[in-house]
Amino acid sequence: MALGVINAIKIKGLKPGEDIFVGGFDWIEAAIKSIKIEEMSASVGGHFMMGAWAVLAIYDKEHGIDRFQKGNKSTFELELIESNNITVYSSLLNQSLFMGIDFKKLSLFHFPNNTKNGFKLADILKENTENTENTN
């Protein structure tokens, strides 16, 4: 919808990101590109990673570790992409990046001393990018 609004702004002869600011929800490729060229101001997303978090919780539970025991809550924050952090998130366009993420590092079964009960996509992408660069 945000991309449609940007289109309508242009049709009216106005400049998105200057005359009118538009934000969106979801990190589709066109939205990320629109942020790069500063037509869209921001986009909230990362909800697709909730599936990965759920699988981790199920995996640990199947191995006898309950992430949610004693009132612990799993946290998952949506994140905001905007012009000042677009370089961190532009790697989202390279979907093969996700194939290299080692989700075992987030498992309490494999890493029982892991005190995180949530994760940030930016941290995972940054770590995976660094690991990829170090192996090349």
Side-chain angles (χ1 to χ4, degrees):
M1 289 188 339
L3 294 168
V5 169
I6 288 171
N7 228 10
I9 291 168
K10 290 177 182 179
I11 290 170
K12 289 289 184 184
L14 299 171
K15 188 169 180 176
E18 196 171 298
D19 297 317
I20 299 176
F21 298 93
V22 178
F25 185 80
D26 213 351
W27 290 345
I28 62 173
E29 184 176 344
I32 293 173
K33 287 180 178 178
S34 184
I35 294 169
K36 279 185 176 180
I37 61 172
E38 298 183 351
E39 287 184 346
M40 186 182 298
S41 299
S43 183
V44 174
H47 55 283
F48 60 92
M49 292 295 286
M50 284 192 269
W53 189 243
V55 171
L56 276 168
I58 292 166
Y59 180 86
D60 283 346
K61 179 73 173 175
E62 287 296 313
H63 288 88
I65 298 169
D66 186 354
R67 288 182 169 271
F68 308 110
Q69 67 186 2
K70 299 178 187 170
N72 288 341
K73 292 184 180 177
S74 170
T75 60
F76 185 88
E77 295 180 23
L78 295 176
E79 298 184 52
L80 182 72
I81 297 177
E82 54 190 339
S83 60
N84 68 348
N85 67 2
I86 189 70
T87 54
V88 173
Y89 290 99
S90 60
S91 59
L92 288 171
L93 297 177
N94 178 4
Q95 292 185 0
S96 65
L97 175 71
F98 293 101
M99 300 304 281
I101 295 174
D102 184 0
F103 286 98
K104 278 188 176 181
K105 289 182 179 178
L106 300 170
S107 166
L108 296 177
F109 174 69
H110 292 285
F111 294 89
N113 294 328
N114 185 354
T115 57
K116 292 182 184 178
N117 211 26
F119 62 85
K120 289 185 63 76
L121 180 58
D123 295 342
I124 292 170
L125 289 172
K126 182 179 178 188
E127 180 180 323
N128 195 54
T129 302
E130 288 169 355
N131 288 343
T132 304
E133 289 170 358
N134 291 337
T135 58
N136 292 334

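Heavy-atom minimum distance, K104 versus F111: O-CD1, 3.2 Å. When all heavy atoms are compared, the tightest approach of D60 to L108 is OD2-N, 2.8 Å. In terms of heavy atoms, W27 sits closest to V44 at NE1-C, 3.4 Å. Considering every non-hydrogen atom in both F109 and H63, the closest pair reads CD1-CB, 3.3 Å. When all heavy atoms are compared, the tightest approach of A2 to G24 is CB-CA, 3.8 Å. Nearest approach of I6 to P16, heavy atoms of both residues: CG2-CG, 3.8 Å.
Looking at E79, K36, E82 one by one, the single match for side-chain contact (heavy atoms from CB on, under 4.5 Å) with Y89 turns out to be E79.
We find the CD1-CD1 distance between I32 and I37 to be 13.0 Å, quoted to the nearest 0.5 Å. Interatomic distance, OG of S43 versus CD1 of I86, reported as 9.0 Å (0.5 Å rounding). A distance of 10.0 Å separates CD in E38 from CD in E18, rounded to the nearest 0.5 Å. How far OG of S107 is from CD1 of I65: 6.0 Å, rounded to the nearest 0.5 Å. Between atom CD of residue E39 and atom CD1 of residue I20 there is a gap of 12.5 Å, rounded to the nearest 0.5 Å. Once rounded to the nearest 0.5 Å, the distance linking CG of L56 with CG of L106 reads 5.5 Å.
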Under the side chain to side chain contact (heavy atoms under 4.5 Å, CB included) rule, what do L78 and H47 come out as? Steps first, then yes or no, please.
CA-CA 6 Å; L78 295 176; H47 55 283; 3.7 Å; yes

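L80 and F25 fall within a single hydrophobic cluster, where Ile, Leu, Val, Met, Phe, Trp and Tyr side chains are chained together by heavy-atom contacts under 4.5 Å.
For the pair M40 and L3, the minimum side-chain heavy-atom distance is below 4.5 Å.
Taking the side chain to side chain contact (heavy atoms under 4.5 Å, CB included) definition, one finds that D19 meets it with L14, K15, sequence neighbours left out.
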